[in-house]
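One structure is given here, and the rest of the page talks about it.
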Amino acid sequence: MPLRKILGFLCLILAALCMAIGYAIIGHGIAIATALVILPAWLAAYKWPSTWLPATALVVSVSLAAIGLCAGASPLLMLLGATLALANWDLAFLDHVQVGSSSTQAVTLLEKKHYQSLVLALGLALLAIITGRIIRFQIPFGGMILLVALAFLGLVRVWRMLSN
Amino acid sequence: MNSRVLTLLLIVLGLLLTALFTRNGDLAWMTIPFLIYLGIGILQAPSPGKIRLHAQRSIETNRSNGVSSIQVSVTVSNLGATIDRLCLSDPLQSGMHIIDGQIRQEVALRAGDEAWLDYTFQAERGSFNWKILRARLSDPFGLIETDLELGAEAQVQVHPELNKFRPLPLRPQRTLPSAGSIPARLGGSGTNFWGVREYHPGDPLRRLDWRLTARHPGKFFTKEFEQEEIADIGLILDARRKTDLRADGASLFEHSARATASLAEVFLRQGNRVSLLIYGKPIVNLFPGYGKVQLYQILHTLAQATTESDASLDSLQYLPVQMFSSHSLILIISPLAPNDWHLFPRLRAFGYQVLLISPDPFDYAERMLQADPSTRLASRLARLERQLEISKITQLWIPVVNWRVSQPLSPLVRNALNHTRIQREL
């Protein structure tokens, strides 16, 4: 079985587990139902990766995580569930890659680069979330305005880059 | 912006709005993985200034006769910076059936590396042109994409399959004054005895009829032989959409095109002059010619023929027959549509000798038709209508070959030429 499939199934089970445990901890009986909703959605997304199913599965997973957060479930589990859902979505896309007649080296390199970037993104994201939840500090109002302005300018730049 | 970026942005926006409404900070934290994922994608997006790709296409042959496999190989060299994700794709052209390899693949290319796109396709007939190879470069996540068209030109022609017919016994009413193989009913320099006439100065001595000369002292007689000339043949191929029938990826028109190619080959092999008219959209007209060059041009034209149609081509009545000289023998290859018979009185009025080869659409469609009574009745009615159409044509002393495409065509044409008006007029 290719590495991307193994990673995909691992992320899928972990995401479902995180959500189910998160819901189970707060005593909601829909824990199993949650896992039952997420698992088939992602399995279908892996089977038909070129359709709208992966995006739908991601939206469903993130929505469940958000509902869990609002219902008082463990933020760490819900955030981890949403992050793993993002990884699932990404791996489903990678699974869609056509492996043609080029040297396997070129295809292996593609997978390697993808995994490196994914690990970097998810690692940074989890680090940022954990750091953010541990370190809490007050930002003065002026600093906040400055940060908002910076964020706005950054978004404008990103938008221009995307448009080009 | 592609759908992946849009999905991420919508999720981020949705989470932020929900966080604002519910005043829940954890929901805002949930946007962090998506934003970082997006940010890393943007940072790793390929810079258009650093992209230098070169593509080269090679095809094992640029001409093929009949159904055959053609291998296409495209090599892409990266002369610029490393590309994290490169999607190469070749357009799938109409009539191509991929039997091996893929026309699309994704790779990552280091500087100086090469990638290959190899595939083998099969085609019954057609003209295939490639101008470019599509390349899509993006970051490893496929978020920010840059489309490129790399020049990689090539062309391949798949000519219709030729069935080698034995020489056909043509006896046209009129021939062209050029040495050939068809008896012209004129005295001259042939091989078959034609008659005897009085000697004219300049006649070769070896043709003198010494016996007759001995019986008539003081007079000389020369033997004449039947001159052998060539025929002027016009082929008309019906390429209207309404007469084409497609089933299981096959088409009745392909049979017509193959028959036209085979007939052109045998007539040109016999030394005749052949022209071609493809009645479709557009109307393609190939002027009369001889030999292998003309055969190649006919095959080339047939390779490009497609079945297109519009209202102006609804009937064969407006066929531009004036392009054929008045002494031509015209062979029409058409499955016939209702009211097509109107063309044939016009052809007879112009003085053409005509032979109609009509691939039978009902026989071809039989395996597709359902066995319920109403379909059988409809099929029977349509067959009767076709029979009526054909009988109207035969009443004009025009031989008709009702060709079931599963049968070999050559004996049918030979039979039609032997036992019809064309033969009897001689």
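In the text below, chain A, chain B and the rest are named by the order of the sequence lines, each starting its count at 1. Just so you know, these numbers come straight off a predicted model, no measurement behind them.
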With rounding to the nearest 0.5 angstrom, report the CG to NZ distance, B/D139 to A/K113.
12.0 Å
Roughly how far, to the nearest 0.5 Å, is the OG1 atom of B/T18 from the CD1 atom of A/I67?
9.5 Å
Ranked by heavy-atom pairs below 4.5 Å to chain A, first place among B/I11, B/I103, B/T146 goes to B/I11
What residue, out of A/S63, A/P54, A/G132, A/A87, has the most heavy-atom pairs lying under 4.5 Å from chain B?
A/G132
Should the pair B/F141 and A/H114 be assigned to parallel (<30°), tilted (30 to 60°) or perpendicular (>60°) ring geometry?
perpendicular
Mind listing the closest non-hydrogen atom pair of B/I36 and A/A121 along with its distance?
CG2-O, 3.5 Å
Part of B/L10 lying under 4.5 Å from any heavy atom of chain A:
neither
Any non-hydrogen side-chain atom of A/L118 less than 4.5 Å from a side-chain atom of B/I40?
no
What residue, out of B/N2, B/L8, B/T75, B/L86, has the most heavy-atom pairs lying under 4.5 Å from chain A?
B/L8
Heavy-atom pairs under 4.5 Å with chain B, option from A/L124, A/L86, A/L79, A/T83 with the top count
A/L86
Are the side chains of A/C70 and B/N24 in touch, meaning some heavy atoms are under 4.5 Å apart?
yes
Is B/T82 in contact with chain A via its backbone, its side chain, both, or neither, using a 4.5 Å heavy-atom distance?
side chain
Honestly, the part of A/L126 sitting under 4.5 Å from a heavy atom of chain B is neither
To the nearest 0.5 Å, tell me how far A/L109 CG sits from B/D84 CG.
8.0 Å
State the OG1-CD1 distance between A/T131 and B/I32, to the nearest 0.5 angstrom.
10.5 Å
Is there side-chain contact between A/L58 and B/F34, with at least one heavy-atom pair below 4.5 Å?
yes
Under 4.5 Å from any heavy atom of chain A - which part of B/L15
side chain
Using 0.5 Å steps for rounding, measure from the CD1 atom of A/I129 to the CE atom of B/M30.
8.5 Å
Within a reach of under 6.0 Å around CG of A/L14, are more than 12 heavy atoms found that belong to other residues, nucleotides or ligands?
yes
With a 4.5 angstrom heavy-atom cut-off, which part of A/L122 approaches chain B: side chain, backbone, both or neither?
neither
Among A/G154, A/A125, A/S117, residue most engaged with chain B (heavy-atom pairs, under 4.5 Å)
A/S117
Working to the nearest 0.5 Å, report the span between CG of A/L94 and CZ of B/R85.
6.0 Å
Hey, is B/R4 close enough to A/D90 for a salt bridge, meaning N to O under 4.0 Å?
yes
Counting only non-hydrogen atoms closer than 4.5 Å, does B/L27 touch chain A with its backbone (N, CA, C, O), its side chain (CB onward), both, or neither?
both
Side chain / backbone / both / neither for A/A65 at chain B, heavy atoms under 4.5 Å
both
Is there a side-chain contact between A/M78 and B/D26 in this structure, where contact means two heavy atoms from C-beta onward sitting under 4.5 Å apart?
no
Per-pair distances, 0.1 Å, donor-acceptor, side chain in residues 87-94 of chain B, under 3.5 Å, sequence neighbours excluded:
from: B/D90; atom 1: OD1; to: B/R57; atom 2: NH2; distance (Å): 3.1
from: B/D90; atom 1: OD2; to: B/R57; atom 2: NH1; distance (Å): 2.6
from: B/D90; atom 1: OD2; to: B/Y119; atom 2: OH; distance (Å): 2.7
from: B/Q93; atom 1: OE1; to: B/N129; atom 2: N; distance (Å): 3.2
from: B/Q93; atom 1: NE2; to: B/N129; atom 2: O; distance (Å): 2.8

Among B/G14, B/S73, B/P140, which residue has the highest count of heavy-atom pairs closer than 4.5 Å to chain A?
B/P140
Should we say atom CD of B/Q56 is surrounded by more than 12 heavy atoms from elsewhere, each under 6.0 Å from it?
no
